Visitor: 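So that we are looking at the same thing, I have put the structure below in structure tokens.
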Amino acid sequence: EAGGLALQRQKRNTDLQQPRMTAERGNLVFLTGSTKNIEFRTGSLGKIKLNDEDVGECLHQIQKNKDDITNLKRGAIGLPQNISNQIHQLDSKLADL
Amino acid sequence: EAGGLALQRQKRNTDLQQPRMTAERGNLVFLTGSTKNIEFRTGSLGKIKLNDEDVGECLHQIQKNKDDITNLKRGAIGLPQNISNQIHQLDSKLADL
Amino acid sequence: EAGGLALQRQKRNTDLQQPRMTAERGNLVFLTGSTKNIEFRTGSLGKIKLNDEDVGECLHQIQKNKDDITNLKRGAIGLPQNISNQIHQLDSKLADL
Amino acid sequence: AYKFWVPNTDFDAAANWSQNRTPCAGAAVEFPADKTVSVLVREGHSVSDMLLPLDGEFVLASGAGFSALDTGLHLDCSTAAPALFRDPDRFCWHDPRLWRSGDAAHGLFSVDAERVPCSHDDVVFPSDASFRVGLGPGAGTVRVRSVRALGQTFTRDEDLAAFLASRAGRLRFHGPGALSVGPEACADQSGCVCGHAEAQPWICAALLQPLGGRCPQAACRDPLRPEGQCCDLCGAIVSLTHGPAFDLQRYRARLLHAFLALPQYQGLQMAVSKVPRQPRLREASGAKADTEIQVVLVETGPETGGAGRLARALLADIAEHGEALGVLSATARESGAPVGGGS
């Protein structure tokens, strides 16, 4: 009985931390306690889909976009430097005439 | 029993709006009615994770990517203008020789 | 009773293949092992939200970012070509003097 | 005293399902669309289809959850009819069958009205189960000393009102009735009246609802109707007028140990409480007090006259020790001979 009570007390404390699936006026809401996560775990062939979009692919595309942007930035910084050099050279040649 | 059947029929009419969890060819599917949302909510210290990726961070990255693109566009428009000017000046100088 | 146990064991084995929503120490976990999906579907007017972020909008923004990047890349490749041509022409003119 | 709410709305409780069993693996499951409810899920369940309520919640205990299993894949779920979750609004606060007393003891029972929490009782809702309680209709405000729910104890009306208005509260309490708490511990050692005079019609209506609202025929001539009891019963009632020295707890313990424990009284059950004195009895006894101590004695088995013998033994005890016990006077009534059933 004492063990049962201890268990009950412990349960009581965790009650609000328990995850839940709730319906609110027809909306479906998945909830967790303040420090708890919602996790999606797929095997290599399983997918998580939100309205027909594969979330895994979406996250992959975000990373791909980020990498592309990094490359574009590098180019955008490298490019003017290179062109500026060429223009500078032309300018020098003109001055030397 | 007749009342039970009537109740069931009535229920079926509201079915379309009732959130539902169902199996489709072994897939687990969560559905809501036409105007209803599906929401995932963690506490302030909880995360939404997809295969060890923090989805919150990923969504944040989308905005960051967008901002980076805006900056790149601004640069990509400003840059040629500036260079065109320099090339035009060189061209003028050449013509003046 | 033995048959029941066997059935239960069998169930457990097939359970591992089934996509599922489960609670793990207060975390809410959506799992899909094999080739099966977990899908969330709203009607056309419903939204899927992750901690107040509209996933539909996020996915739209990812695609928009991707398109913008494609355009930026095209520009970043086209631009230097065009400028290089102009610089090359200037260089030729200078040499012809 | 503590009163514990018994029924739950757990997913895993067989009694909550239309066919008195939890959905089998691969079952189609239906929750009523328009019934608001909180449902605790303790185990893993395979479902092929589950219609959720428009307003409700499924709380997942650790390890609990749902998985997808297409219908028809499992032999043990061949039934075509979906498993229906029974109406969660069927549990009424005033139903005596839905409460368990904290100080239950072997041989003790409570009259029907006192099985429902009295105004000085502390009410406890299960912390390890989901539940739903209907308040009302028509019985007015339910008053108790405190309410414990979801790990919180409410002793102030403002706090309780805030809880009841919250989503958590609305998922668990419904109906037109009001629930109120107040600092009314029973400070009188002679006991306190339960305070259900107004609510008793509702209590009895809830109790007798499965019987079509009518009491079963008592199995004796001249049956008795104790104060707070919904139907006539066979046995005996001892009514005590007490003085300031009377201690209800001590007297109840005395009856349990000095009388009910005796072999000749095995099979008897006893309810001891302070009740409003019935007006006709008040006039007859000439007593000024408007309350009395009611001792109800019933036999759980076939009628043997044991209740009557114990009643007379209690009168003799009071004649001998009344002054020490704080009892001023005592009367006893007995039901008549058994009827019917060819005894």
Side-chain angles (χ1 to χ4, degrees), chain A residues 14 16-21 26-55 57-62 64-69 71-76 78-80 82-83 85-87 89-91 93-94 96-97, chain C residues 16-44 46-51 55-56 58-73 75-77 79-80 83-84 86-91 93-95 97:
Chain A
T14 59
L16 295 173
Q17 294 290 320
Q18 280 174 312
R20 57 197 68 204
M21 168 171 65
N27 300 302
L28 186 58
V29 184
F30 298 90
L31 287 167
T32 53
S34 59
T35 64
K36 302 303 182 180
N37 299 337
I38 295 176
E39 304 187 19
F40 301 93
R41 294 192 209 135
T42 65
S44 51
L45 295 172
K47 291 175 183 173
I48 305 287
K49 289 179 141 195
L50 303 178
N51 280 337
D52 283 330
E53 294 274 3
D54 182 329
V55 179
E57 269 180 30
C58 291
L59 298 190
H60 183 71
Q61 186 59 48
I62 295 172
K64 217 167 148 295
N65 284 352
K66 187 187 166 190
D67 294 347
D68 278 351
I69 288 167
N71 285 332
L72 278 169
K73 274 184 188 167
R74 203 172 294 144
L79 173 73
N82 185 25
I83 288 175
N85 286 345
Q86 291 182 46
I87 288 175
Q89 280 174 10
L90 278 172
D91 223 19
K93 282 186 196 171
L94 259 174
D96 289 350
L97 286 178
Chain C
L16 294 175
Q17 298 298 318
Q18 290 171 234
R20 64 183 48 221
M21 167 177 68
T22 178
E24 286 185 7
R25 297 179 306 281
N27 301 306
L28 182 60
V29 183
F30 295 90
L31 284 167
T32 160
S34 55
T35 61
K36 300 304 182 182
N37 302 337
I38 295 177
E39 306 186 20
F40 301 89
R41 292 191 212 137
T42 64
S44 53
K47 293 174 181 173
I48 296 183
K49 290 175 143 194
L50 302 176
N51 280 336
V55 174
C58 290
L59 298 186
H60 183 72
Q61 187 60 48
I62 294 172
Q63 187 55 43
K64 216 164 151 297
N65 285 351
K66 189 187 165 191
D67 294 345
D68 278 351
I69 288 167
T70 304
N71 284 333
L72 278 169
K73 275 184 187 168
I77 292 162
L79 173 72
I83 287 174
S84 287
Q86 292 183 44
I87 287 173
H88 186 71
Q89 280 173 9
L90 279 172
D91 224 19
K93 281 186 196 172
L94 260 173
L97 285 179

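These numbers were taken from a predicted model, which means no experiment stands behind them. Residue numbers begin at 1 in each chain, while the letters A, B, ... track the order of the sequences.
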Visitor: When you compare the side chain of C:Leu94 with that of A:Leu90, does any pair of heavy atoms fall below 4.5 Å?
Guide: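 The answer is yes; the side chains approach within 4.5 Å.
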Visitor: Taking side chain to side chain contact (heavy atoms under 4.5 Å, CB included) as the definition, give me every residue that meets it alongside A:Asp68, ordered by chain and number, with sequence neighbours left out.
Guide: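 Once residues adjacent in sequence are excluded, the partners of A:Asp68 under the side chain to side chain contact (heavy atoms under 4.5 Å, CB included) criterion are A:Lys64, C:Ile69, C:Lys73.
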Visitor: Please classify the contact of C:Val55 with chain A as side chain, backbone, both or neither, using a heavy-atom distance under 4.5 Å.
Guide: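 For C:Val55, side-chain heavy atoms alone lie under 4.5 Å from chain A.
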Visitor: Given that the side chain runs from C-beta out, which part of C:Lys66 has a heavy atom under 4.5 Å from chain A: side chain, backbone, both or neither?
Guide: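 Looking at C:Lys66, backbone and side chain both touch chain A.
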Visitor: Is the closest side-chain heavy-atom distance between A:Ile38 and C:Phe30 below 4.5 Å?
Guide: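 When only atoms from C-beta onward are counted, C:Phe30 and A:Ile38 do touch, with a gap below 4.5 Å.
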Visitor: If you compare all heavy atoms of A:Cys58 against all heavy atoms of C:Ile62, which two are closest, and at what distance to 0.1 Å?
Guide: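 Of all heavy-atom pairs spanning A:Cys58 and C:Ile62, the closest is O-CD1, 3.9 Å.
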Visitor: Under the criterion side chain to side chain donor-acceptor pair (under 3.5 Å), I'd like the reasoning laid out for A:Thr32 against C:Asn27: C-alpha separation, chi angles, the key distance, then a yes or no.
Guide: CA-CA 7 Å; A:Thr32 53; C:Asn27 301 306; over 6 Å; no
Visitor: For the residue pair A:Ile48 and C:Asn37, establish whether any side-chain heavy-atom pair is separated by less than 4.5 Å.
Guide: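 Counting from C-beta outward, A:Ile48 and C:Asn37 never come under 4.5 Å.
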Visitor: Hey, could you give me the NZ/NZ distance between C:Lys36 and A:Lys47, rounded to the nearest 0.5 Å?
Guide: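 If we round to the nearest 0.5 Å, C:Lys36:NZ and A:Lys47:NZ are 12.5 Å apart.
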Visitor: With A:Thr35, which residues qualify under side chain to side chain contact (heavy atoms under 4.5 Å, CB included), at least two apart?
Guide: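 Checked A:Thr35 against side chain to side chain contact (heavy atoms under 4.5 Å, CB included); matches are A:Gln17, B:Leu45.
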Visitor: State whether the side chain of A:Lys49 and the backbone N or O of C:Arg41 hold a donor-acceptor pair below 3.5 Å, judged by distance alone.
Guide: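 Side chain of A:Lys49 to backbone of C:Arg41: no pair is present.
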Visitor: Given that the side chain runs from C-beta out, which part of C:Leu59 has a heavy atom under 4.5 Å from chain A: side chain, backbone, both or neither?
Guide: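 For C:Leu59, the contact with chain A is made by the side chain alone.
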Visitor: For C:Glu24, which atoms come within 4.5 Å of any heavy atom of chain A: side chain, backbone, both, or neither?
Guide: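 For C:Glu24, the side chain is the part near chain A, not the backbone.
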